[in-house]
Q: 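Here's a structure for you.
Just so it is clear, the model here is predicted, and its values are computed rather than measured. No hydrogens, no waters, no symmetry mates; every other heavy atom, side chains included, goes into these values. Proteins come first, then strands; the chains are lettered A, B, ... in the order of their sequence lines, and each starts at number 1.
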Number of protein chains: 2
Amino acid sequence: MRFSTRGRYGLLLMIDLAQNSAQGPVSLKSIAERQNLSEHYLEQIVPDLRKNGLVKSIRGAQGGYILNKSPNEINVGDVIRVLEGPIAPVECENQMDEECCANTDFCINREVWVKVRDSITDVVDSISLADLLQGENKEIMEQ
Amino acid sequence: MRFSTRGRYGLLLMIDLAQNSAQGPVSLKSIAERQNLSEHYLEQIVPDLRKNGLVKSIRGAQGGYILNKSPNEINVGDVIRVLEGPIAPVECENQMDEECCANTDFCINREVWVKVRDSITDVVDSISLADLLQGENKEIMEQ
DNA sequence: ACAAATCCCGATTGGTTTAGTAGGATATAA
DNA sequence: TTATATCCTACTAAACCAATCGGGATTTGT
């Protein structure tokens with residue numbers, strides 16, 4: 001029950017952009033160095049962020065990536081959903097809809113998974129990149 | 001970001017026991033039939049439940065499994081932790097302790113994962129097997 | 001004593017996911 | 001024109017998942 005490196009690295013990448021892309025495009029190489037990640041692996045992750053409108057790319061020398069919205073308009077949930085797919089603690093065909101449990105008339109566990117999903121969603125959708133940057137300064141985020 | 005079948009099937013197994021093991025041991029075969037699961041696969045899951053004191057086994061013909069505590073003393077989190085390992089949305093050596101992020105002085109994302117973990121923990125530790133059985137009768141659990 | 005039921009245990013397997021790596025094509029600034 | 005970048009497709013080694021397989025040990029009913 002854990003997030004993969006796609007979500008984790010992607011979030012680090014987005015935070016790096018939030019910190020560094022105000023003056024101009026930031027290359028994956030520099031992000032990879034600062035965050036101690038594989039540049040090639042970031043290369044595999046970042047197209048999803050671009051296609052979903054979270055970052056913008058500038059090709060060629062001195063190119064790189066910049067945030068496509070301001071840090072307080074992007075929250076952690078946006079990044080995670082793009083890189084890891086929908087937040088769903090069990091694999092139901094149609095995102096945990098009523099028809100998901102074909103085995104039994106009524107899936108007795110469904111409420112558990114729905115509550116878990118909703119609690120995760122609440123957390124990740126309530127924290128923006130700006131919150132994380134502010135949290136860094138304060139060392140401890142507000143509860 | 002999802003639970004595997006171990007946790008899901010295990011929870012179904014535990015609920016089946018809560019419903020049926022009051023009068024005596026329940027065989028995996030009957031559970032597998034009722035829940036429409038593979039008996040052999042349940043056989044692979046149930047030793048973990050036994051070793052962690054959640055169920056008790058009775059060997060031989062007419063044997064089977066019974067709950068080792070009352071349904072309101074067992075909560076969903078107990079079952080999940082036994083079958084899926086600790087609830088930790090990222091893989092840090094020492095369960096998300098302060099030393100987890102060696103790459104940087106301070107892991108800016110740590111607060112996110114801690115909050116996600118805590119929110120999941122809150123949910124699964126607040127729902128007992130008894131709650132789930134009651135929820136079945138009411139069709140909708142209380143919020 | 002014996003057969004059936006049942007738990008117990010280790011090994012194997014086919015498929016998927018993860019976390020990358022390799023190598024090149026395209027675009028652009030200097 | 002050269003160095004710096006993004007972009008794109010493919011490949012791979014390892015791990016994990018969801019079982020399956022084949023037996024062995026224990027108990028009950030007859």
Q: Please tell me which of B:Glu84 and B:Ile58 maps to the more 5' nucleotide of DNA chain D, matching each residue to the nucleotide holding its nearest heavy atom.
A: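 It is B:Glu84, whose closest nucleotide lies nearer the 5' terminus.
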
Q: In whole angstrom, what separates B:Lys56's NZ from C:dT6's C1'?
A: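 Distance, rounded to whole Å: 17 Å.
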
Q: Starting at CD1 of A:Ile45 and ending at P of D:dC8, how long is that distance when rounded to a whole Å?
A: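 So the CD1-P distance, A:Ile45 to D:dC8, works out to 16 Å.
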
Q: Would one find a side-chain N or O of B:Arg59 under 4.0 angstrom from OP1 or OP2 of C:dC9?
A: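 No, because none of the side-chain N or O atoms of B:Arg59 sits under 4.0 Å from OP1 or OP2 of C:dC9.
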
Q: Distance check: side-chain N/O of A:Ser38 vs OP1/OP2 of C:dT21, anything under 4.0 Å?
A: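 Yes, because at least one side-chain N or O of A:Ser38 sits under 4.0 Å from OP1 or OP2 of C:dT21.
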
Q: If only side-chain N and O atoms of B:Ser57 are considered, is one of them under 4.0 Å from the OP1 or OP2 phosphate oxygen of C:dC7?
A: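 For B:Ser57, the contact criterion (side-chain N or O under 4.0 Å from OP1 or OP2 of C:dC7) is not met.
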
Q: Apply side-chain contact (heavy atoms from CB on, under 4.5 Å) to B:Glu33 and list each qualifying residue two or more places apart in sequence or on a separate chain.
A: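 side-chain contact (heavy atoms from CB on, under 4.5 Å) check on B:Glu33 returns B:Lys29.
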
Q: State yes or no: do A:Tyr41 and A:Leu28 share one hydrophobic cluster built from I, L, V, M, F, W and Y residues joined by side-chain heavy-atom distances below 4.5 Å, directly or via other members?
A: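 Result: yes, single cluster for both.
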
Q: Here's a test for you: under side-chain contact (heavy atoms from CB on, under 4.5 Å), which of A:Val46, A:Leu37, A:Leu17 qualifies with A:Ile31?
A: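 The option that passes is A:Leu17.
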
Q: When the distance from NZ of B:Lys51 to C1' of C:dC7 is rounded to whole Å, what number comes out?
A: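 To the nearest whole Å, that distance equals 13 Å.
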
Q: In whole angstrom, give the distance that lies between atom NE2 of B:His40 and atom P of C:dC9.
A: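 My rounded result for the distance is 14 Å.
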
Q: Treating A:Glu39 as the side-chain partner and A:Ala32 as the backbone partner, does any N or O pair qualify as donor plus acceptor under 3.5 Å?
A: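 Checked: no pair found.
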
Q: For D:dC7 and A:Arg50 - does any side-chain N or O of the residue sit under 4.0 Å from the phosphate oxygens OP1/OP2?
A: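 Result: yes.
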
Q: A:Leu13 and A:Gln35: side-chain contact (heavy atoms from CB on, under 4.5 Å), yes or no, with the steps?
A: CA-CA 8 Å; A:Leu13 183 152; A:Gln35 306 298 331; over 6 Å; no

Q: Is B:Ser4 near enough to D:dA18 that one of its side-chain N or O atoms lies under 4.0 angstrom from OP1 or OP2?
A: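 B:Ser4 to D:dA18 OP1/OP2: side-chain N or O found under 4.0 Å.
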
Q: Among B:Val112, B:Val116, B:Asn109, find the residue that satisfies the side-chain contact (heavy atoms from CB on, under 4.5 Å) test when tested with A:Val76.
A: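 By the side-chain contact (heavy atoms from CB on, under 4.5 Å) criterion, A:Val76 pairs with just one of B:Val112, B:Val116, B:Asn109: B:Val112.
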
Q: In whole angstrom, give the distance that lies between atom CZ of B:Arg6 and atom C1' of D:dC16.
A: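 After rounding, the gap between these two atoms is 12 Å.
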
Q: Need the bend value for the helix from C:dA1-D:dT30 to C:dA30-D:dT1: angle between end axes, 5 pairs each end, nearest 10°.
A: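 Its terminal axes enclose an angle near 10°.
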
Q: Send over the distance from B:Phe3 CZ to C:dT17 P, rounded to a whole Å.
A: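 Answer to the nearest Å: 19 Å.
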
Q: Quick check: on DNA chain C, is the nucleotide nearest A:Glu39 upstream (toward 5') of the one nearest B:Ala61, or the reverse? Name the residue that is more 5'.
A: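 Looking at the nearest nucleotide for each, B:Ala61 comes out on the 5' side.
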
Q: Would you mind reading off the distance between B:Leu42 atom CG and D:dA18 atom C1', rounded to a whole angstrom?
A: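 Interatomic distance, CG of B:Leu42 to C1' of D:dA18: 12 Å.
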
Q: Ignoring the backbone of B:Tyr41, work out which of D:dT28, D:dA18, D:dT4 is nearest its side chain.
A: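 Between D:dT28, D:dA18, D:dT4, the one nearest the side chain of B:Tyr41 would be D:dA18.
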
Q: From the set D:dT4, D:dA19, C:dC8, return the single nucleotide nearest to any side-chain atom of B:Tyr65.
A: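 Per side-chain heavy atoms of B:Tyr65, the pick is C:dC8.
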
Q: Which pairs, with at least one residue in residues 40-51 of chain B and sequence neighbours excluded, count as a salt bridge (charged side-chain N to carboxylate O under 4.0 Å, His left out)?
A: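 For residues 40-51 of chain B: B:Arg6-B:Asp48.
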
Q: Using atom CZ of A:Arg8 as one end and atom P of C:dT18 as the other, report the distance to the nearest whole Å.
A: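 Roughly 12 Å, once rounded to whole Å.
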
Q: Reckon B:Thr5 has a side-chain N or O less than 4.0 Å from the OP1 or OP2 of D:dA18?
A: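 Yes, within the criterion.
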
Q: Is any N or O donor-acceptor pair between the side chain of B:Gln44 and the base of C:dC9 shorter than 3.5 Å?
A: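 Absent.
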
Q: Is it true that A:Arg81 and A:Asp125 make a salt bridge, defined as a side-chain N closer than 4.0 Å to a carboxylate O?
A: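 Salt bridge flag = yes for A:Asp125 with A:Arg81.
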
